[in-house]
Amino acid sequence: MNNLLMDVEGEIAVVSINRPKALNALNTETVQEINECFKEIQNRKDIKVVILTGAGEKSFVAGADIAQMSNMTPKEAREMSLNAYEAFSRIENCPQVVIAAVNGFALGGGCEIAMSCDIRIVADTAKFGQPEVGLGIIPGFGGTQRLPRLVGKGRAKELIFTAETIDANEAYRIGLVNKVVPKEELMDTCKKMAQRILKNGSLAITLAKQAINLGVEMDLNSGIQLESNQFGLTFSSQDQKEGMNAFLEKRKAELKDF
């Protein structure tokens with residue numbers, strides 16, 4: 001791939017968006033490569049956690065590629081939005097846990113791709129925002145939908161309508177990110193969290209991820225029914241038998257199902 005790097009070690013994949021000269025801005029090719037990369041990842045049994053980050057010192061993803069977008073027709077713009085929807089939904093719904101390691105600017109499409117990840121751990125230098133209305137457009141890569149689901153309608157409208165950029169601590173305060181750490185500790189923190197996740201039942205985590213992602217779109221009763229179904233499925237796994245037997249036998253469980 002021209003714009004992505006991937007390194008796999010010990011069931012953890014580190015995927016880096018690699019356009020540092022363009023601050024890792026998302027052009028059509030990069031979005032397509034993200035889609036293809038996660039299509040591969042979702043079918044790999046040797047990967048159980050993914051860390052998504054940006055190459056270089058300044059930026060996670062600074063946004064969509066404005067130079068490419070500036071002369072688009074309405075039809076072309078809609079197609080680009082739908083392509084990003086497909087790629088980001090693949091991140092959101094892949095069976096692996098995806099951690100965004102936000103190392104710098106996460107503006108526009110950068111904020112939107114971070115929101116499609118399961119967990120956001122960010123450097124204390126990171127900046128977030130949806131500045132699109134300042135360009136006469138709206139967020140088109142999921143920002144109007146994922147942002148209010150994370151921070152509430154009021155906060156989301158304020159950020160989108162004002163095009164304001166916020167720092168890492170404010171992003172944490174409003175619930176947009178999970179954790180803020182010193183920049184030099186970012187990748188170590190993400191890898192340590194990944195290691196904690198790897199100790200648990202991977203099939204159980206996948207089923208829990210599905211229950212959360214689907215359940216938030218349902219009424220409570222439907223969500224409870226979904227949870228009950230997923231709960232029942234875990235009892236068909238070797239992990240359930242090993243985990244509970246280990247608990248009763250007062251020993252460390254060895255969980256391996258995926």
Side-chain angles (χ1 to χ4, degrees), residues 8 10-15 34-35 37-52 85-101 112-121 142 145-153 156 172 174-179 189-258:
V8 180
E11 299 182 312
I12 300 170
V14 178
V15 177
I34 291 167
N35 193 15
C37 180
F38 278 86
K39 187 183 293 185
E40 175 191 338
I41 287 171
Q42 70 185 15
N43 293 314
R44 286 182 60 165
K45 303 301 184 184
D46 62 321
I47 298 173
K48 295 186 178 178
V49 181
V50 183
I51 298 171
L52 179 65
Y85 166 77
E86 182 179 348
F88 293 7
S89 293
R90 197 174 296 281
I91 294 171
E92 189 170 47
N93 296 313
C94 76
Q96 294 86 350
V97 175
V98 185
I99 301 170
E112 289 166 308
I113 195 171
M115 290 190 291
S116 71
C117 298
D118 299 302
I119 297 165
R120 285 155 292 284
I121 300 176
Q145 303 307 305
R146 290 191 177 96
L147 188 58
R149 284 167 166 79
L150 281 170
V151 305
K153 286 200 299 183
Y172 176 77
I174 66 175
L176 179 56
V177 306
N178 297 75
K179 186 176 293 190
T189 302
C190 290
K191 289 179 179 179
K192 286 177 182 176
M193 180 176 286
Q195 290 293 344
R196 289 197 297 273
I197 291 168
L198 288 175
K199 292 178 181 178
N200 300 313
S202 54
L203 176 63
I205 289 171
T206 294
L207 293 172
K209 177 173 175 173
Q210 292 173 354
I212 294 166
N213 286 353
L214 295 172
V216 294
E217 308 299 330
M218 299 176 175
D219 63 83
L220 180 60
N221 288 334
S222 298
I224 293 296
Q225 289 298 318
L226 171 64
E227 179 181 273
S228 296
N229 292 339
Q230 302 293 76
F231 179 71
L233 285 174
T234 62
F235 281 76
S236 66
S237 73
Q238 290 300 313
D239 273 355
Q240 177 267 328
K241 296 174 179 62
E242 165 63 13
M244 291 191 172
N245 286 336
F247 178 84
L248 294 172
E249 295 166 7
K250 296 181 171 58
R251 60 177 175 83
K252 186 176 180 179
E254 296 183 8
L255 306 180
K256 297 178 180 179
D257 272 344
F258 190 79

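At most 12 heavy atoms of other shown residues, nucleotides or ligands fall within 6.0 angstrom of atom NZ in K179. E227 CD: 12 or fewer foreign heavy atoms inside a 6.0 Å radius.
Summarising the geometry, atom CG belonging to D46 is positioned 8.0 Å from atom CD belonging to E11; distances are rounded to the nearest 0.5 Å. Expressed to the nearest 0.5 Å, how far CD of E92 lies from OH of Y85 amounts to 8.5 Å. Once rounded to the nearest 0.5 Å, the distance linking CD of E254 with CG of D239 reads 11.0 Å. Between atom CD of residue Q210 and atom CD1 of residue I205 there is a gap of 12.5 Å, rounded to the nearest 0.5 Å. Between atom NZ of residue K209 and atom CG of residue N93 there is a gap of 7.0 Å, rounded to the nearest 0.5 Å. Note: T189 OG1 to M193 CE = 8.5 Å, rounded to the nearest 0.5 Å.
Residues L150 and I174 form no side-chain contact, since every pair of their non-hydrogen atoms from C-beta on lies 4.5 Å or further apart. Counting heavy atoms from C-beta outward, E112 and R146 have side chains that stay 4.5 Å or more apart. Side-chain contact between I51 and K191 is present, with heavy atoms from C-beta onward closer than 4.5 Å. The closest side-chain heavy-atom distance from L233 to Q230 is below 4.5 Å. Put simply, the side chain of R251 reaches to within 4.5 Å of the side chain of N245, judged on heavy atoms.
Side-chain atoms of Q96 come within 3.5 Å of backbone atoms of I41 as a donor-acceptor pair (strictly under, hydrogens ignored). For S237 (side chain) and T234 (main-chain N/O), a donor-acceptor pair under 3.5 Å exists by modelled atom type. No donor-acceptor distance shorter than 3.5 angstrom exists from the side chain of N178 to the backbone of I121, with no hydrogens or angles considered. No donor-acceptor pair closer than 3.5 Å links the side chain of E242 to the backbone N or O of A253. Side-chain atoms of K48 do not come within 3.5 Å of backbone N or O of A194 as any donor-acceptor pair.
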**Request:** In sequence, state the C-alpha distance, the side-chain angles, and the governing distance for D118 and I212, and then conclude on side-chain contact (heavy atoms from CB on, under 4.5 Å).
**Result:** CA-CA 10 Å; D118 299 302; I212 294 166; over 6 Å; no
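For V8 against R44, the heavy-atom pair with the smallest separation is CG2-NH2, 4.0 Å. The minimum heavy-atom distance between S116 and F88, with the atom names listed, is CB-O, 3.5 Å. Heavy atoms only, all atoms of each residue included: C94 and Q42 are closest at CB-CB, 4.1 Å. Considering every non-hydrogen atom in both L214 and L226, the closest pair reads CB-CD2, 3.6 Å. Minimum interatomic distance between L198 and G10 (heavy atoms only, all atoms of both residues): CD1-O, 3.5 Å. Taking each heavy atom of C117 and L52 in turn, the nearest pair found is SG-CD2, 3.9 Å.
Ion pairing of R90 with E40 is absent here, as no side-chain N (NZ or NE/NH1/NH2) approaches a carboxylate O to less than 4.0 Å. Between E217 and R149, at least one side-chain nitrogen of the basic residue sits less than 4.0 Å from a carboxylate oxygen of the acidic one, meeting the salt-bridge criterion.
With sequence neighbours excluded, the residues satisfying ring-ring contact (aromatic ring centres under 6.0 Å, His included) with F231 are F235.
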